Amino acid sequence: MTPSTKPVRVRFAPSPTGRLHLGGARTALYDYLLARQTGGTFILRIEDIDLKRYVPGAEEELKQGLRWLGLEWDEGPDVGGSFGPYRQSERKEIYLDYARQLIDQGKAYYCFCTPQRLASMREQQQRSKLPIKYDGTCRQLDPGKAAKRVAAGEPHVIRFKIPEEGSITIHDYLRGDIVVENRTIDDYILIRTDGFALYHLAAMVDDHLMKISHVIRGSEWLSTFPLHAHIIRAFGWEEPIWIHLSIFLKPSGKGKMSKRESAELMKDGYSIYINDLQGLGYVPEAVLNCIALMGWSYDDHTEFFTKEDLIQKFSIDRLNPAPAAINFTKFDHFNGLHIRNLSIEDLCNRVKPFFLNAGYKVDDQVLMQVTPIIQQRIATLEEAPTMAGFFFEEHVYPNPQELIGAKMTAVDSANALRAVYDLLSSLPRIDTETAEIPMRNLADQLHLKAGQLFGIIRVAVTGKTVSPPLIESMAIIGKEKVLERILNGIDMLGNMA
RNA sequence: GCCCCCAUCGUCUAGCGGCCCAGGACGUGGCCCUCUCAAGGCCAAAACACGAGUUCGAACCUCGUUGGGGGCACCA
C-alpha cells in the first residue's frame, strides 16, 4: 500500500518565467492525483521572487493550462487558502526573518564578496580544473564585525554555512538514500544584495510554513537536494517526503527538450507546450493519460486511463526514476482513443471550433450527423475539417483526373455517373437502407467493382478520394445536393472526353 | 574539470533471484474485415549496454567500465 493514505499536502510551484510544458504538467498531475486520492490538498504556489525575470502573461498561461487539463488547485492564487500569500514575491520579509535566524545561530553568515570577485574566482577554479565553489573568504569573518559592516550599509548577501566535515544522507523516495560529502556542497547564497531570497531558502521556508508533506519536483533539483536538506535540518524542521521525477528527453532520446527542439516539433504539428496542444487538436484527457504514463505504470498491460481511473490507481510506489523520451506518435494514438471515448455531443462541441477556425459555416444539425462518422477516423480534432469540411460547403471542386475510375476512361466514368444519377434520382431519399443494394446492383450491371463505382461517386460528391463512408455521407448531404454534384461531375468528365 | 542521478525492443514500459531463450503498448511489416480512409481482429520482426563477482540459479544483488542525463549563478 502507498504510505500516503493520510491526506497529503502537495504543491505545484512553477516560476512564471516560461510556459507550462509537458514536464511541468506531469508534476502537477502527480501532485493532483495524490491530493485527490488521499482527500488531501493541492496547492499552487507561484515562485516569482526574482522580479527581474518576470514574464508578463506567464502566470496566466500557467493557470489556463492547469485548468484546461482539469487540475484545479485547492489553495493558491485566485482561490486563496489559509497559508498564503501564495506568491513568493509577496513573502520577501518572511524569508529575511528566517535567514536572520540562521545568522543568529551561526548557521549562516554575511558575505561581502563582490560579483566581480566571485566571477574571477570561478574563472581561476575552472582554469585549474578545480571544483567550482565559493572559497569561504567571508566565512572566517568575525560575526560581530560583519554585523557592524552590515549596519553601516555595506552591500552584502547571506550565505548558508555548510559543515566542513562529514557527509549528509538524504532520502529520495524513488532512489533511496543518497550520501553526499559536505565538502562538495557550496555555501549557497540565501539572500541577495537586494534583500530578496533565492529559491533554496524561499522554497524550504514555504514548504515548511505551508505544511507540505510530499515534495514532487524535477530531478534538476537533485544536485541541490543536499543543500535543501541541510537548510531544513538547520531549522530543525521535519522533512517532507522527497520525490524527484525524471526529466523529459527529446523524442530522439538524446538530450533534454530545448527551445530549438520545440521549434522543430512545431513544424511536425507537435508541441511540448500545453497551451499549444489545445490548438493542435489534442484533448486534455489524452494529454493526462500520456504524461501519467511517462515514468509511471499501473501494471504490465493497462494503458488507457481516465482522470478518475488515475485518481484511483496512481501510486508513487510505481514511479520510475529513469529519464524518458516523449513519443508523439503514441500521443496521437492515445488522443484517438480518448476521442473515441467521448459522447457524440461532447465531441461535437469540441470539434466545432476547429471547423469554424478553418472557415466553415457550421450547421449544428449537420454536425450532429457528421460527428459519429468521423469519430473513429480522426486522431486529433484538427483533422476534422480536412476530413469532413465538404459537409459544410455549398459546392465541391473535384480534381478532374480523380473523377476517372480505376482502370476506366473518362467516357466510361461519365456513363457510369449518368447511370448513378438516374438511379439515385429515382429513390425517395438516399441512405444506407434505400441506396446500398441498388448501387451494388448497378455496379454489377455496369460490370464494375463496387469500389470502382463508389470511388467515382465519392470524388464527385465529396471532392476527395478519401472520405467517411460514401452512402452515409450522401445521406447527410441530402439527395438534392448529391444529384447536383453528380451532374457537375458528369459535366467535368464530358469536357475531358 | 568536479558532484549527483539513470541504464530492458527505435520509443513508453512490465519484471523487484527460479513463473522470462523476457510480457504489454506506440510505431514498422504482413494478413483478415472492407465502397476509400480509419477503427477493429490476427500474426511477425524487434531489447535485458559491457565485464567481473555473489549464488545451485541473475534482467533482477555487488563492484567496475561504457553510455546517457542533470547540476556546478546574487535563475528557478
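Residue numbering restarts at 1 for every chain, and letters A, B, ... go by the order of the sequence lines. Just so it is clear, the model here is predicted, and its values are computed rather than measured.
- Across B/G24 and B/C63, the matching C1' atoms stand 33 Å from one another, rounded to whole Å.
- Here B/C72 presents its P atom at 21 Å from CZ of A/R127, a figure rounded to the nearest Å.
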Intermediate values then yes/no, side-chain contact (heavy atoms from CB on, under 4.5 Å), A/W73 and A/I43 = CA-CA 6 Å; A/W73 53 101; A/I43 298 152; over 6 Å; no
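- Among the protein residues, A/L198 comes within range of the sugar-phosphate backbone only, with heavy atoms under 4.0 Å from sugar or phosphate atoms but none that close to a base.
- Taking only distance into account, the side chain of A/R377 meets the base of B/C37 through a donor-acceptor pair shorter than 3.5 Å.
- Contact annotation for A/I185: no contact, since no heavy-atom pair falls under 4.0 Å across all strands.
- Between A/F314 and A/W296, the ring-plane angle classifies as tilted under the 30° and 60° cut-offs.
- As judged by a 4.0 angstrom heavy-atom cut-off over every strand, A/R318 is placed among residues touching the sugar-phosphate backbone only.
- Here A/L470 lies in heavy-atom contact (under 4.0 Å) with a base.
- Judged by distance alone, with hydrogens and angles left aside, A/T193 brings a side-chain donor or acceptor within reach of the base of B/C74, the pair sitting under 3.5 Å.
- Using a 4.0 Å heavy-atom distance criterion, A/T329 is classed as a sugar-phosphate-only contact.
- Checked against a 6.0 Å centroid threshold, the rings of A/W242 and A/F225 count as neighbours.
- Rounded to whole Å, atom P of B/G71 lies 13 Å from atom NE2 of A/H244.
- An OP1 or OP2 oxygen of B/A73 is reached within less than 4.0 angstrom by a side-chain nitrogen or oxygen of A/R122.
- In this structure, A/L245 places its CG atom 11 Å from P of B/U13, rounding to the nearest Å.
- B/A7 is paired with B/U66 under the criterion used here, namely a Watson-Crick or G-U wobble arrangement in which both key atom distances are under 3.5 Å.
- Close placement of the A/F331 and A/F328 rings is indicated, their centers lying within 6.0 Å of each other.
- Within 3.5 Å, a donor on the side chain of A/E303 pairs with an acceptor on the base of B/G24, or the reverse.
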